[in-house]
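The next block holds one structure in the form of structure tokens; read it before the comments.
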Amino acid sequence: GLASWESSYNRFTIGEHPQTIAMSPVSGRPIQVNTVIGHVFDGILSGRKVDLRRLSLLSSPPTKKQWDKLSQMEAQTDINVVGDPKTSGKDGDSVKMTDFLAPIMGEEFVSKEFNDRTPEEKAKFGNWCELFKWYSSLRRIGFTPSFETEDLEGY
């Protein structure tokens, strides 16, 4: 059979909207739209072709400034985004989003329990997690975006 991500990826590739895919996945149990988007990124990492322009309409890619900030975080946290996610985190541990984004989010946020975070903090963190998904996926496949314009002309 197909890997769990492949069905979502295949359906996205033929033009289905992630919302539709999320409501009726192969497993039968509805999934989150972000899970479907994650499955499309899994396709990228598996060497499959993805219409980045279409994906960017559903998940915002980083701007040049955000890309540079993510690159800075990679150097600052010593987390290798192109390495094995299970061993490329802090101290050879798995990559944790809170570790990577700590310089952006602040130590106060990182030390808070999930349920103690404000809706604003959760939204900011979620946005940076989405940008990280773009950054890490494109870095892992060796793709360097062009930022000559902010409308994805370089993609």
Side-chain angles (χ1 to χ4, degrees), residues 1-13 18 21-22 25-27 29-56 58-147 152 154-155:
L2 297 176
S4 59
W5 61 266
E6 286 182 289
S7 172
S8 297
Y9 166 83
N10 290 340
R11 291 172 65 186
F12 175 83
T13 301
I21 299 167
V26 171
S27 69
R29 281 189 8 248
I31 58 177
Q32 297 288 318
V33 172
N34 277 342
T35 301
V36 175
I37 302 280
H39 289 164
V40 176
F41 279 106
D42 289 339
I44 291 171
L45 294 174
S46 295
R48 307 282 179 92
K49 289 195 181 307
V50 171
D51 180 346
L52 294 180
R53 186 179 304 277
R54 179 166 173 246
L55 183 59
S56 75
L58 305 162
S59 170
S60 299
T63 62
K64 169 89 170 100
K65 188 174 177 184
Q66 291 165 331
W67 183 275
D68 291 345
K69 186 75 171 163
L70 289 160
S71 180
Q72 201 177 35
M73 293 305 94
E74 186 176 3
Q76 195 172 336
T77 60
D78 205 29
I79 293 173
N80 178 5
V81 302
V82 298
D84 181 346
K86 291 181 178 72
T87 58
S88 296
K90 266 180 147 176
D91 303 318
D93 225 349
S94 64
V95 173
K96 292 181 185 66
M97 222 42 104
T98 47
D99 290 341
F100 188 86
L101 296 173
I104 292 172
M105 296 302 301
E107 284 306 318
E108 184 184 339
F109 171 85
V110 173
S111 61
K112 274 187 190 179
E113 289 298 319
F114 179 80
N115 290 334
D116 294 335
R117 295 173 181 169
T118 66
E120 294 80 14
E121 288 172 327
K122 289 177 183 176
K124 179 181 177 183
F125 184 69
N127 182 56
W128 278 104
C129 287
E130 182 180 9
L131 297 171
F132 175 83
K133 191 74 171 163
W134 276 93
Y135 176 78
S136 61
S137 297
L138 295 179
R139 289 265 296 114
R140 287 184 80 188
I141 64 167
F143 183 89
T144 305
S146 166
F147 294 99
L152 291 187
Y155 281 71

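We number each residue from 1, following the sequence as shown.
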>> Tell me whether the NZ or CZ atom of R54 lies within the 45° cone about the ring axis of F12 and under 6.0 Å from its centre.
In response: yes
> Looking at CG of L70 and OG of S136, how far apart are the two atoms once the value is rounded to the nearest 0.5 Å?
Replying inline: 9.0 Å
> Which heavy atom of P62 sits nearest a heavy atom of F147, and at what distance?
Replying inline: O-CE2, 3.5 Å
>> If I compare all heavy atoms of V36 with all of S8, which pair ends up nearest, and what's the gap?
In response: CG1-CB, 4.2 Å
> With under 30° as parallel and over 60° as perpendicular, where do the rings of Y135 and F100 fit, or are they tilted in between?
Replying inline: tilted
> Which distance, rounded to the nearest 0.5 Å, do you find between the CE of M97 and the CZ of F132?
Replying inline: 5.0 Å
> Counting only N and O atoms by type, is there a donor-acceptor contact under 3.5 Å from the side chain of S111 to the main-chain atoms of E108?
Replying inline: yes
>> Restricting to non-hydrogen atoms, name the atom on K133 and the atom on G38 that form the minimum distance, rounded to 0.1 Å.
In response: CE-CA, 4.2 Å
> Measuring from W5:CH2 to T35:OG1, what's the distance to the nearest 0.5 Å?
Replying inline: 15.5 Å
>> Let me confirm one number: the CD-CG distance from Q66 to L131, rounded to the nearest 0.5 Å.
In response: 4.5 Å
> Quick one: does S88's side chain have a donor or acceptor within less than 3.5 Å of a partner on D84's backbone?
Replying inline: yes
>> Is the terminal nitrogen or CZ of K122 (NZ for Lys, CZ for Arg) located under 6.0 angstrom from the six-membered ring centre of F114 and within 45° of that ring's axis?
In response: yes
>> Counting C-beta onward and ignoring hydrogens, is there a side-chain heavy-atom pair between R11 and S7 closer than 4.5 Å?
In response: yes
> Are any side-chain N or O atoms of S56 and backbone N or O atoms of R53, one a donor and one an acceptor, separated by less than 3.5 Å?
Replying inline: yes
> How about V50 and Y9: do any of their side-chain heavy atoms sit closer than 4.5 Å?
Replying inline: yes
> How far does CD1 of I44 sit from CZ of R140, to the nearest 0.5 angstrom?
Replying inline: 12.0 Å
>> For T77 and L101: C-alpha separation, side-chain torsions, deciding distance, then whether side chain to side chain contact (heavy atoms under 4.5 Å, CB included) applies.
In response: CA-CA 9 Å; T77 60; L101 296 173; over 6 Å; no
>> Can you tell me how far apart CZ (R139) and CG (N80) are? Round to the nearest 0.5 Å.
In response: 7.5 Å
> Ignoring hydrogens and geometry, is there a side-chain-to-backbone donor-acceptor pair from N10 to E6 under 3.5 Å?
Replying inline: yes
> Around atom CG of D116, are there more than 12 heavy atoms of other residues, nucleotides or ligands at under 6.0 Å?
Replying inline: yes
> Which pair of non-hydrogen atoms, one from S4 and one from H39, has the smallest distance, and what is that distance?
Replying inline: O-CE1, 3.8 Å
>> Let's go through K124 and I104 carefully: what are the C-alpha distance in whole Å and the side-chain angles of both, what is the deciding distance for side chain to side chain contact (heavy atoms under 4.5 Å, CB included) to 0.1 Å, and is it a yes or a no?
In response: CA-CA 10 Å; K124 179 181 177 183; I104 292 172; 4.2 Å; yes
> Counting heavy atoms not belonging to D51, are there more than 12 under 6.0 Å from its CG?
Replying inline: yes
> Okay, side chain of W134, backbone of S59: is any donor-acceptor separation there less than 3.5 Å?
Replying inline: yes
